[in-house]
Amino acid sequence: MSLPRNPAEASRNFFEEVHEVVRLIPPGRVSTYGAIAHYLGAKHGARMVGYALIAAVPARGLDAVPAQRVVNRNGLLTGRHHFATPTAMQEALEAEGVRVVDDEVQDFKRLFWDPSTELE
DNA sequence: TCTCTGACTGCGT
DNA sequence: AACGCAGCCAGAG
């Protein structure tokens, strides 16, 4: 599309894309900021994906945007501090059957869900 | 308008 | 293998 867009609208659109991808992550599976950024064309840094989630949860809610399923490339729950409580992210994951020990997703390599591969 | 910081990642030393 | 640096873009002071 060649419609002129304001910067504010462009970033809002990016947020929407992130929300949609995160929503596609199956329960009990996890993905990473970098994988999502790569799937969206890697135009935006992986940081922007995380930044989008900060706005995503308060706006759409954890039910609409399961942000707990997005961790960093090491499988660490780096964003737990942004949840209601420090343990909310871990509890949400464990409720789906994902084992979390010391802020680290167990069996991360097996549970990893890459949108570029799984979603085609 | 400039500067700093941040739910990150990959590459070079 | 470990550490440091730069790139990514947006929002706050």
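Within every chain, numbering begins at 1; the chains are lettered A, B, ... in the order of the sequence lines, protein sequences first and strands thereafter. Side chains are part of it too, since the values below use all heavy atoms of this structure and drop only hydrogens, waters and symmetry mates.
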Testing dA7(B), dC8(C), dG10(B) for proximity to the side chain of Arg73(A), the answer is dG10(B)
- Using the P atom as the reference point in each nucleotide, state the distance between dC4(B) and dC5(C) in Å, no decimals. 15 Å
**Asked** Would you say the base of dA7(B) and the side-chain of Tyr33(A) have a donor-acceptor pair closer than 3.5 Å?
**Response** yes
Exercise. Just wondering, do Asp114(A) and Tyr39(A) contact through their side chains at under 4.5 Å, heavy atoms?
Worked result: no
Looking for any heavy atom pair under 4.0 Å, which part of the strands does Ala67(A) touch: base, sugar-phosphate only, or nothing?
base
Closer than 4.0 Å, any side-chain N/O of His44(A) to the OP1 or OP2 of dC9(C)?
-> no
Closest of dA7(B), dG11(C), dC9(C) to the Met48(A) side chain is dC9(C)
* Any donor-acceptor N or O pair under 3.5 Å, side chains Glu96(A), Gln68(A) -> yes
Between CG of Asn74(A) and P of dA1(C) the distance, given in whole Å, is 14 Å
>> Check for me, please, whether Val70(A) and Met48(A) land in the same ILVMFWY cluster - side-chain distances under 4.5 Å, paths through other members count.
In response: yes
When rounded to whole Å, the CD1 to P distance for the pair Ile54(A) and dA12(C) reads 11 Å
Of dC8(B), dA7(B), dG11(C), the nucleotide closest to the side chain of Asn72(A) is dC8(B)
Phe14(A) atom CZ is separated from dA10(C) atom P, nearest whole Å, by 9 Å
Here the distance between atom C1' of dA7(B) and atom NE2 of His19(A), to the nearest Å, is 13 Å
Whole-Å distance, Arg47(A) CZ to dC5(C) P, equals 14 Å
note: Arg80(A), atom CZ; dC8(B), atom P; distance rounded to Å ~ 13 Å
Atom CD1 of Ile36(A) and atom P of dT9(B) are separated, to the nearest Å, by 10 Å
Is any side-chain heavy atom of Leu40(A) closer than 4.5 Å to a side-chain heavy atom of Phe14(A)?
yes
Whole-Å distance, Leu53(A) CG to dA7(B) P, equals 12 Å
Taking every heavy atom of Thr32(A) against every heavy atom of Arg73(A), the minimum-distance pair comes out as CG2-CA, 4.1 Å
### Message
What contact category does Val22(A) fall into here, base, sugar-phosphate, or nothing, at under 4.0 angstrom with non-hydrogen atoms?
### Response
nothing
